[in-house]
Amino acid sequence: MKINKKVEDVLNKQVNAELWSAYLYLSMSAWCERQGLKGFANWMRVQFQEETSHALKIYDYILNRSGEINLQPIAAVERSWKNVLELFEATYNHECAVSEMITSCYETALAEKDHATAGMLQWFIDEQTEEESNALEIIDQIKLVGDKGDGIFFIDKELASRTFVDSTKKAE
Ligand code: FEO
């Protein structure tokens, strides 16, 4: 069944929000590179890829439901942070904001009795829980070791090992 206009609109807005998230993490990655934190930069660059895959998951879904794609401008993002603690607090806050957007899309789908879209969005609801908890875990580590010296060097080494795995391809 062709997607209804209200649901199509909120999903198009969510494509924009996911691309905006990708943009934010790319900006964060660039900031980390400039600080000489290659591992942090890698983590953020993988996050950029994750967000791009999220945007494409919704994009493909709209097209599969015979909907129309409406790509709007992507808002500018921050370019600098005080330190890595502030960086990851911003990451956590951003993910919480995205979670609220996903919840709002889910509620629209239910209000329109579009259970197929609600089902697709359930994947995002689970993913958001994981993204919030990943950011919180790194905040805890930074608080434990401080944001300078050997401790941060150790976390940087850890974050260097993150690789992109396209989780949107897993079964829903
Ligand atoms: Fe796709 Fe991190 O929200």
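Sequential numbering from 1 along the given sequence is applied to the chain's residues. Ligands are counted one by one from 1 in listed order, and the atoms in each one are counted from 1 as well.
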> More than 12 non-hydrogen atoms from neighbouring residues, nucleotides or ligands closer than 6.0 Å to CZ on Phe153, yes or no?
Replying inline: no
> More than 12 heavy atoms of other residues, nucleotides or ligands under 6.0 Å from OH of Tyr23: is that the case?
Replying inline: no
> Between Asn16 and Gln72, does any side-chain donor sit less than 3.5 Å from a side-chain acceptor?
Replying inline: no
>> With no hydrogens and no angle check, just 3.5 Å: does a side-chain donor-acceptor pair link Gln14 and Glu18?
In response: yes
> Hey, which protein N/O/S atoms does atom 2 (Fe) of ligand 1 have under 2.8 Å?
Replying inline: Glu51 OE2, Glu95 OE1, Glu95 OE2, Glu131 OE1
> How about Trp123 and Tyr61: are their ring centres within less than 6.0 Å of each other?
Replying inline: no
> What is the distance from atom CZ of Phe40 to atom CD1 of Ile138, rounded to the nearest 0.5 Å?
Replying inline: 7.5 Å
